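Below: the structure, in structure tokens.
For the single chain, residues carry numbers from 1 onward in sequence order. Just so it is clear, the model here is predicted, and its values are computed rather than measured. We count ligands from 1, going down the list as the structure has it; atoms in each ligand are counted the same way.
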Amino acid sequence: MTVSFYPDIKTVSGVNNSHATSYRAWLQYTFITSTTYREQVMSLLKEMECLNGSDISESIEQEWTFAIRKMIGFQPAVVPEVKGNGLRIVYVDSMEKEAFHIKNEDGIQILAGGEAGALYAVFTLLRHIQRQGDLHSLNMKEKPANPLRIINHWDNMDGSVERGYAGESMFYRDDSFRENIVRWKDYARLLASVGINAVSINNVNVHKVESYLITERYLKDVARVADIFRAYGIRLLLSINYASPMEVGGLTHADPLEEDVAAFWKQAFDDVYQAIPDFLGVVVKADSENRPGPFTYGRTHAEGANMLADAIAPHNGIVIWRCFVYDCHQDWRDRTTDRARAAYDHFMPLDGAFKDNVILQIKNGPMDFQVREPVSPLIGALKQTNVIVEFQLAQEYLGQQRHAVYLLPQWKEILNFDTGHEGEGTFVKDIASGKTYNPTHSGIAAVGNLGDDYNWTGHTLAQVNLYGYGRLTWDPTLNEDDILSEWSDLTFGQEEHIQQLLEAILLPSWLTYERYTSPLGIGWMINPGHHYGPNIDGYEYDAWGTYHFADRNGLGVDRTVETGTGYTSQYAEQNAKIYNDPNTCPEELLLFFHHMPYNYELTSGKTIIQHIYDTHFEGVKGVESMVANWEALEGKIDDKRFSDVLERLKHQLSHAIEWRDIINTYFYRKSGIKDIHQRKIYE
Ligand code: BDP
């Protein structure tokens with residue numbers, strides 16, 4: 001399919017020219033004002049050697065010529081053979097498919113293992129040029145650390161997005177696919193530019209209608225999306241409904257050990273691959289939050305997943321099976337049903353029981369994307385099972401893209417966590433990348449944060465999280481400061497002052513959010529259901545199983561072996577020991593693991609209650625300076641993005657004040673202990 005490249009931005013539904021800078025995100029390709037630099041590019045990259053005409057080759061040529069024209073002001077000629085100075089792409093068999101080497105040796109050359117590698121190289125070189133990097137000593141040799149680099153959409157076919165904070169779905173409306181080809185393509189460009197290579201396009205909670213995505217009713221449309229993504233090296237996944245044999249196939253059951261069920265899936269996958277020969281596979285949420293699954297039939301998750309794996313194996317497909325499995329009907333009075341334990345309790349006994357094309361997808365923490373959680377104890381513990389780590393770009397519990405929160409510092413901490421499972425230095429990043437256990441499949445997935453808003457992410461600054469996610473999954477050793485400065489140069493222009501202000505706003509923003517919300521790893525003091533805004537007891541007496549256990553003496557969840565839920569024992573010995581003892585437990589997680597008195601003294605010399613008061617005042621101060629720093633950008637960036645972000649930051653400030661006052665008042669009333677600084681707390 002040919003989609004004309006870069007048509008007028010107005011052809012994207014809901015987007016007009018005033019939205020152009022917001023919509024282009026980090027692919028602005030701003031005209032470079034330095035004549036010397038432009039002349040250098042013109043002389044070195046006059047021509048480009050044309051490629052073989054495949055879909056990806058076409059994307060490469062389009063992106064390159066378009067971007068150079070915009071940044072430098074001339075259109076490089078695409079020629080059969082570069083004779084003088086120009087860009088040459090050479091495929092090298094000995095290199096891995098996604099790897100590349102950009103160098104300047106007899107002209108600028110890209111050596112790549114395959115087309116995807118060449119595409120990534122072109123985006124890397126364009127980024128380098130936009131930042132006016134040196135072209136003479138070019139020598140960039142890269143390959144992705146993580147084989148699978150996935151975005152999970154939680155889009156529903158009625159057009160809504162579960163936990164979506166950026167408009168409606170860009171894929172669906174009214175139970176049909178939208179005519180949104182230009183946006184899909186621009187989305188694919190954004191993803192490929194940061195190395196994402198797979199996307200699942202429907203919610204893990206699969207309703208009746210989405211169960212039909214794998215059938216004739218929708219497969220032509222799914223194939224249309226796949227065509228667009230394919231041209232950017234991105235493969236498609238669909239979330240499936242475990243009960244499809246009943247919902248779609250008319251069977252009376254979905255028992256994975258019954259032949260008719262296996263036959264249903266085999267046929268379904270045959271149909272899918274007929275329509276999309278390079279379809280990557282399926283994502284499954286089973287036996288969780290009222291979703292159907294193998295438990296109904298007394299079967300294990302391994303039995304459930306392996307049946308699908310067998311059915312999809314002839315097509316080389318994969319089954320991504322989520323570990324977010326817990327009993328949401330459990331009785332809150334019984335501590336042994338600690339929700340934090342659930343994933344490990346369910347899946348650890350099954351290590352080694354899954355087929356080679358099954359991958360377990362594990363949320364980064366044991367609970368559910370809270371501002372601070374320990375790393376999931378399953379990560380590293382599973383040694384004979386393929387594993388993917390799951391992050392959440394959508395800021396479900398982190399201010400829903402109305403609060404600015406730069407997530408990279410959190411992810412870096414998680415990726416650098418030492419699970420200790422193969423001795424010291426068994427880092428999460430190496431387990432995800434496959435380095436530790438050398439599994440058949442591995443990588444990272446994240447719940448996306450995009451919709452059809454003109455700036456994709458609702459909050460313009462939330463674009464950085466998608467950018468950063470891609471960069472970090474490509475190379476987990478990159479640091480959050482460098483990723484931020486790259487993004488800021490590309491998105492807002494290469495000016496030191498702008499970059500400094502953005503750093504001041506974004507680098508501390510995760511800690512700032514933590515300060516004015518829930519303290520010391522406790523989580524959950526949020527409105528149930530929609531998960532926005534403070535509500536300390538919202539989940540406290542609720543069947544879903546998450547508690548702070550605050551009483552007049554103290555707060556926190558006792559997860560120790562001796563007196564608590566025993567959750568600490570799920571970690572490798574060294575970590576289990578550290579977490580089990582309040583004196584060695586990292587303080588930022590103290591209340592996740594221990595029930596502590598309000599007057600317990602932290603290493604800062606402050607009591608827990610004083611820490612709560614202080615951090616909440618500090619958190620609000622932090623947002624005040626975010627607003628002030630942003631205001632200093634007036635006139636330095638375009639008005640539209642300036643006013644959009646300012647409006648959200650002002651909302652964040654008033655909302656942070658609400659958080660502060662409600663939390664401080666609550667704990668003052670519970671504990672009866674006064675703030676030593678006698679600040680305003682509602683008595
Ligand atoms: C929770 C969300 C819920 C998702 C669930 C999941 O609140 O909407 O369906 O996770 O990951 O965070 O399956």
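Taking the charged nitrogens against the carboxylate oxygens, Lys412 and Glu480 have no contact shorter than 4.0 Å, which rules out a salt bridge. Using a 4.0 Å cut-off between charged nitrogen and carboxylate oxygen, Asp255 and Arg299 count as a salt-bridge pair. A salt bridge links Asp338 with Arg559: the closest approach of a Lys/Arg side-chain nitrogen to an acidic carboxylate oxygen falls below 4.0 angstrom.
Counting atoms of ligand 1 from 1 in the listed order, those under 4.0 Å from a heavy atom of Glu396 are 1 (C), 2 (C), 7 (O), 12 (O). Per-residue contacts place Lys285 under 4.0 angstrom from the following atoms of ligand 1 (heavy atoms of the residue considered): 4 (C), 5 (C), 6 (C), 9 (O), 13 (O). With ligand atoms numbered from 1 in the order given, ligand 1 contributes 4 (C), 5 (C), 6 (C), 10 (O), 11 (O) to contacts under 4.0 Å with heavy atoms of Trp154. The ligand atoms of ligand 1 that sit less than 4.0 angstrom from a heavy atom of His531 are 7 (O). The contact set between ligand 1 and Lys363, taken as ligand atoms under 4.0 Å from a residue heavy atom, comprises 1 (C), 5 (C), 6 (C), 10 (O), 11 (O), 12 (O). Every atom of ligand 1 is numbered from 1 in the order shown, and the set under 4.0 Å from a heavy atom of Asp368 is 1 (C), 10 (O), 12 (O).
Side-chain contact, Tyr516 with Gln652: a donor N or O sits under 3.5 Å from an acceptor N or O.
For the pair Arg515 and Trp659, the cation does not sit on the ring face, since its NZ or CZ is not both under 6.0 Å from the ring centre and inside 45° of the axis.
For Phe177 and Tyr172, the distance between ring centers is under 6.0 angstrom.
Looking only at protein heavy atoms, the nearest one to atom 8 (O) of ligand 1 is Glu162 OE2, 2.3 Å.
Neither the backbone nor the side chain of Asn203 comes within 4.0 Å of ligand 1, counting heavy atoms alone.
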